[in-house]
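A quick write-up on the structure given underneath.
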2 protein chains.
Amino acid sequence: MKVNKYITIYKDMVRQIESGQRKAEDVLPSENDLCDQYGTSRETVRKALNMLAQNGYIQKIKGKGSVILDREKMRFPVSGLISFKELSETLGKETRTTVHRLGLILPPSEAAKELGTEADEKVWEVVRSRRIDGEHIILDKDYFVKKHVPLLTKAICEDSIYEYLEGELGLSISYAQKEIVVEPAGEEDRKYLDLGGFSHMAVVKNRVFLEDTSLFQYTESRHRLDKFRFVDFARREK
Amino acid sequence: MKVNKYITIYKDMVRQIESGQRKAEDVLPSENDLCDQYGTSRETVRKALNMLAQNGYIQKIKGKGSVILDREKMRFPVSGLISFKELSETLGKETRTTVHRLGLILPPSEAAKELGTEADEKVWEVVRSRRIDGEHIILDKDYFVKKHVPLLTKAICEDSIYEYLEGELGLSISYAQKEIVVEPAGEEDRKYLDLGGFSHMAVVKNRVFLEDTSLFQYTESRHRLDKFRFVDFARREK
DNA sequence: AAGTGGTCTAGACCACAAC
DNA sequence: TTGTGGTCTAGACCACTTC
């Protein structure tokens, strides 16, 4: 198993920071020191450090060094491209997933048409609700192009679809176009969730692509307004 | 004026893509070709291409080349770290800013305490509403540490504070921690905006930092629910 | 076999910060 | 002056795609 050096260094640094071994406002060893420590060249170390900076772990300051940033308020990363299972693991809350609908459909159906598939292209539809701390507050509607995902079962949908896609099927999920809007609650929202009087939902719409740029998934993650939170880290373009 | 080669290449490619000179699904010239075209080394070309990939312009495919992605649905970039003036320019809509309050305050005040300043540290407070296509739908509440921003005037706040900070004051705005939540509308929302019956607001909270990691601004951008839209591009971590 | 992007190296020169 | 990160180079080897 071939492992990239800069990925190794990146993960090692993330571990050190998240474990508290290195604290906010500490300065990392210099790039030259890190070259010695990891037995590699400077450009490779810099690749790892740039990933840390891009993801909000450090700030590089010319002439000084790389300072570790305070990520206290950066919990709950709905940001990026992360599955619900990965999310609930970092949250450490008691969660449960219920599958309400699972089957093959032929677009055009309301949301599946976002996939822009051919008329005879079959699509998996999955509707699930998420219970967190005893309340049903998220409704996830997923649509997968069958060409890329030949089989889906209830068991897979209750566990983690992404784990199955990447692990079992070997799909390389690469990037997503993400959109957040607020919409009136629909019939299914009212049917499957504890809406608590809210008339609208915060909706995260995702169009997910594979490495070869083919669109293979459209998702709507519908959150009860009072429980919705999205956290992100952004750098200013030069 | 020293200009970085890879920034030049990046901007040139962005221009070519956004002008339609290169279209979605086109393949860029190979990295070696680009080295010749720009008279530079491959690592420098790759730095530019990686920025393009990170920002959702292209997808690099091993053995094939760099494919231009369809950014049709990527308009309205509330994402990243962008000012309202920059935003409205890319939108091309008729907008107007009204300054409702501008002055120096001493925290702790409700929102300014997010800055975590000392008790005797003065803070600028700016409250502005944004009118888009004839409707007042956004309320922006900004708080700046006076130490970093000695003077603010009504004229500056009506134009672009960021332009002033980066241009006149020479501040290097570097990164931000961003949070999106939904909150009940407040007194000021009702006072300054056309709420149209909505009881809640979509709120984008920003904590903005300078290059030296000092926190200098806290912002709440409060949007009427039906007009709120946030678009982002995300890549999956390996 | 030829061309593509992915990783890695060893060195160079620069701008900035600290002493 | 020394040490830091920022940029750039010329070359190497690899894995993958295409022909």
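Proteins get letters first, then strands, A, B, ... in listed order; numbering begins at 1 in each. Heavy-atom basis, side chains included; hydrogens, waters and symmetry copies ignored.
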Side chain of A:K5 only, please: which of D:dA10, D:dG6, C:dT9 is the nearest? C:dT9

From D:dG6, D:dT9, C:dT9, nucleotide with atom closest to B:S41 side chain: D:dT9

Indicate whether the side chain of A:S30 and that of A:N32 have a donor and an acceptor atom separated by less than 3.5 Å. no

Using modelled atom types and a 3.5 Å cut-off, is there a donor and acceptor pairing between side-chain atoms of A:T8 and backbone atoms of A:N4? yes

Tell me which nucleotide among D:dC8, C:dT7, C:dT4 gets nearest to the side chain of B:E43. C:dT7

Answer yes when A:K60 and A:E31 have at least one side-chain N-carboxylate O distance shorter than 4.0 Å, and no when they do not. yes

I need the CG-P distance between A:L34 and D:dG3, as an integer number of Å. 16 Å

From NZ of A:K47 across to C1' of C:dC8 the rounded distance in Å is 7 Å

Can you tell me if B:Y6 touches the phosphate of D:dC8, counting only side-chain N or O atoms and a distance under 4.0 Å to OP1 or OP2? no

Does B:K47 come within less than 4.0 Å of B:E43, counting only side-chain N to carboxylate O? no

Is the shortest side-chain N to carboxylate O distance from A:D140 to A:R222 below 4.0 Å? no

Let me know the distance between CG of B:D212 and C1' of D:dT4, rounded to the nearest Å. 16 Å

Checking C:dT9, D:dT7, C:dT7 against the side chain of A:R46 (C-beta onward), the nearest is D:dT7

What is the distance, to the nearest angstrom, from the OH atom on B:Y10 to the C1' atom on D:dT7? 18 Å

Shortest side-chain distance from A:E31, nucleotide among D:dG6, D:dT7, C:dT4: D:dG6

Give, ordered by number, those residues of residues 60-69 of chain B having at least one heavy-atom distance below 4.0 Å to an atom of DNA chain D; if nothing qualifies, reply none. B:K62, B:G63, B:K64

Integer-rounded Å distance: D:dT7 C1' and B:M51 CE: 13 Å

Here's one to test your reading of the geometry: is the NZ or CZ of A:R71 within 45 degrees of the ring axis of A:Y57 and under 6.0 Å from its centre? yes

Test item: side-chain donor near acceptor, A:Q59 and A:S66, under 3.5 Å: no

Rounded to the Å, how far apart are B:R42 CZ and C:dT4 C1'? 8 Å

Please state how far atom CG in A:L49 lies from atom C1' in D:dG5, giving the value in whole angstrom units. 10 Å

Please state how far atom CG in A:L210 lies from atom P in D:dC16, giving the value in whole angstrom units. 17 Å

Ranking C:dT7, C:dA12, D:dT9 by distance to the side chain of B:T44, first place goes to D:dT9

From the candidates D:dT9, D:dA12, C:dT9, the one with an atom nearest any side-chain atom of B:T40 is D:dT9

